[in-house]
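Reading through the structure tokens given below for one structure.
By convention here, the first residue in the shown sequence is residue 1. All ligand and atom numbering here is 1-based and tracks the order in the structure.
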Amino acid sequence: MIRDHERKVQERTKDLDRKVQELTETKTAVLNMMEDMEETNKNLVKTQQQLKETLKELKESDIKKDEFISIAAHELKTPLTSIHGFSQLLLSPGIAADEEKRGKFLRIMEKESMRLAKLVNDILDLSRIDLGTIKVNNEEIDTSQLMDDVEREMDIPMKERGLRSEYDIEKGLPRMVTDQEKLREILINIISNAIKYTPKGKISVKVQTEDGNLQVMVKDTGIGISEEQQKKLFHRFYQIDSSYTRKAGGAGLGLALSKEFVELMGGRIWIISQEGKGSEFHFTLPIKPPLARPAIKPV
Ligand code: ADP
């Protein structure tokens, strides 16, 4: 009888042990599930935050695009209005008969249409950059020849403004593999700016090579740029409000585009300047673009 009872107690105890074991396992499983849920929840919150940020960025870039279109349209209107105005004047019989006035107005129209064409090209290039469809046409170029051409081209406006120029170009510059047209445009933009914003004095251009890079510095004795203005200098359509800027008649795209080009071509651009004390624009470009990574051969 007692034996029977003991056996039963033993069985109950085993039964209880099994149940405790089962409960412990269930508890561990529930705890694990809760941990998983907590992790999933955290991830969800993170994803939600990322989505919010992406939405904000999209909205901001939409606003920026609208702003870009509105400023671009405004800038395009200025030369267009001028061309339209002068063509109307030329159509009036009195002016058509006046050779001197006719010549003067036609020259203004020519200048304004060139400005319009440059503006359209700059805007197209910027939009190609945004769309990722801009092409860098790398080719082997005669660097010294390019520098000579730029020097000759800049000589005319330099003399017109009564400025002295000094070119310190390293002898026997190596041939570069780069986009000649873009490099030319960067140089012309920066040297033209130096001329535009220097009432008197000197423009110095120094070109040398170091560590596989072409290093260019354009220094002027002009009006200079404050630290605050330097921060926005490479932004699209940014112009420092001054009588010089108004007279120069640019659109504030030259430096933005130069920066985009330099970076596309693997270089860097920066400025050292002090208001009232002139400016130094520097940029570097690799003499040869970094080698494309070799394609992985299929096994
Ligand atoms: P812009 O066509 O108006 O010259 P940029 O993008 O080339 O446009 O230059 C932006 C602004 O930076 C100019 O409007 C001018 O105020 C300022 N800037 C550029 N270069 C110089 C310089 N060398 N000295 C002083 N100010 C400069």
Side-chain angles (χ1 to χ4, degrees), residues 64 67-68 71-80 82 111-127 129-130 150-151 153-154 157-158 160-167 181-207 216-264 267-283:
K64 270 198 192 139
E67 260 173 26
F68 181 77
I71 303 174
H74 176 78
E75 290 295 337
L76 290 170
K77 246 175 98 178
T78 318
L80 260 180
S82 165
K111 208 173 132 205
E112 290 297 311
S113 48
M114 301 265 285
R115 188 174 147 199
L116 193 60
K118 165 117 181 55
L119 207 53
V120 170
N121 276 335
D122 286 356
I123 291 170
L124 276 177
D125 273 344
L126 283 170
S127 108
I129 287 167
D130 291 346
V150 169
E151 185 176 338
E153 194 174 332
M154 291 289 95
M158 200 88 79
E160 271 175 8
R161 303 262 315 193
L163 295 166
R164 281 176 292 128
S165 63
E166 185 181 273
Y167 284 83
E181 269 324 297
K182 291 194 176 60
L183 172 54
R184 180 194 181 77
E185 205 174 318
I186 299 163
L187 286 163
I188 300 279
N189 271 338
I190 294 177
I191 303 175
S192 310
N193 275 348
I195 298 172
K196 278 197 280 187
Y197 302 107
T198 302
K200 64 175 180 359
K202 191 167 84 176
I203 314 288
S204 318
V205 180
K206 189 175 164 95
V207 181
V216 181
M217 182 203 70
V218 178
K219 183 177 175 180
D220 65 52
T221 55
I223 57 174
I225 302 158
S226 73
E227 226 169 282
E228 206 46 43
Q229 292 159 337
Q230 284 176 38
K231 286 184 202 144
K232 297 183 231 155
L233 205 66
F234 294 100
H235 293 182
R236 295 173 185 191
F237 295 113
Y238 178 72
Q239 291 187 296
I240 298 164
D241 190 26
S242 75
S243 56
Y244 281 98
T245 314
R246 281 189 289 277
K247 248 191 283 163
L253 289 182
L255 286 180
L257 209 49
S258 298
K259 184 173 193 294
E260 298 275 9
F261 282 171
V262 166
E263 286 172 2
L264 264 175
R268 247 171 22 92
I269 186 166
W270 68 98
I271 176 189
I272 301 170
S273 182
Q274 237 182 311
E275 204 168 6
K277 294 207 171 142
S279 312
E280 274 181 37
F281 280 81
H282 294 254
F283 71 89

_Heavy-atom contact check, 4.0 Å cutoff: does Ile225 meet ligand 1?_
yes
_Heavy-atom gap Gly222 to ligand 1 smaller than 4.0 Å_ = no
*Could you tell me whether Leu253 approaches ligand 1 through its side chain, its backbone, both or neither, with non-hydrogen atoms closer than 4.0 Å?*
backbone
*For ligand 1, which atoms sit closer than 4.0 Å to a heavy atom of Leu233?*
12 (O), 17 (C)
*Is it the side chain, the backbone, both or neither of Ile223 that has a heavy atom closer than 4.0 Å to ligand 1?*
side chain
_Could you tell me, atom by atom, which parts of ligand 1 come under 4.0 Å of a heavy atom of Leu255?_
5 (P), 6 (O), 7 (O), 9 (O), 19 (C)
*Can you check side chain to side chain contact (heavy atoms under 4.5 Å, CB included) on Glu280 and Val218, steps first, answer last?*
CA-CA 6 Å; Glu280 274 181 37; Val218 178; over 6 Å; no
*Region of Lys196 that comes within reach of ligand 1 [heavy atoms, distance under 4.0 Å]*: side chain
*Quick one: which ligand 1 atoms are inside 4.0 Å of a heavy atom on Gly252?*
1 (P), 2 (O), 3 (O), 6 (O), 8 (O)
*Quick check: does Gly224 get an N/O under 3.5 Å from an N/O on ligand 1?*
no
_Side-chain ion pair, Lys219 and Glu166, N-O less than 4.0 Å_ = no
_Donor-acceptor contact below 3.5 Å, side chain Gln229 vs main chain Ser226_ = yes
*Would you sort out whether Met154 and Ser192 count as a side chain to side chain contact (heavy atoms under 4.5 Å, CB included), showing the intermediate values?*
CA-CA 7 Å; Met154 291 289 95; Ser192 310; 3.9 Å; yes
*Shortest reach to atom 17 (C) of ligand 1 by a heavy atom, considering only Leu257, Ile271, Ile203, Ile240*: Ile240
*Do we get Arg236 above Phe68's six-membered ring, with its NZ or CZ under 6.0 Å from the centre and within 45° of the axis?*
yes
_Options Phe281, Tyr197, Tyr238, ranked by nearest heavy atom to atom 15 (C) of ligand 1, top entry_ = Tyr197
*asked:* Once you restrict to heavy atoms under 4.0 Å, what part of Ala251 touches ligand 1? Side chain, backbone, both or neither.
replied: backbone
*Which one of Val216, Asn189, Ile191, Ile190 satisfies the side chain to side chain contact (heavy atoms under 4.5 Å, CB included) criterion with Phe281?*
Ile190
*Please lay out, stage by stage, how Ile129 and Leu257 fare under the test side chain to side chain contact (heavy atoms under 4.5 Å, CB included).*
CA-CA 9 Å; Ile129 287 167; Leu257 209 49; 4.0 Å; yes
*Would Glu227 and Lys231 pass as an ion pair if we require N to O under 4.0 Å?*
no
*Between Glu185 and Lys182, is there a salt bridge with N-O shorter than 4.0 Å?*
no
*Considering the heavy atoms of Ser279, write down every atom of ligand 1 situated less than 4.0 Å from one of them.*
24 (N)
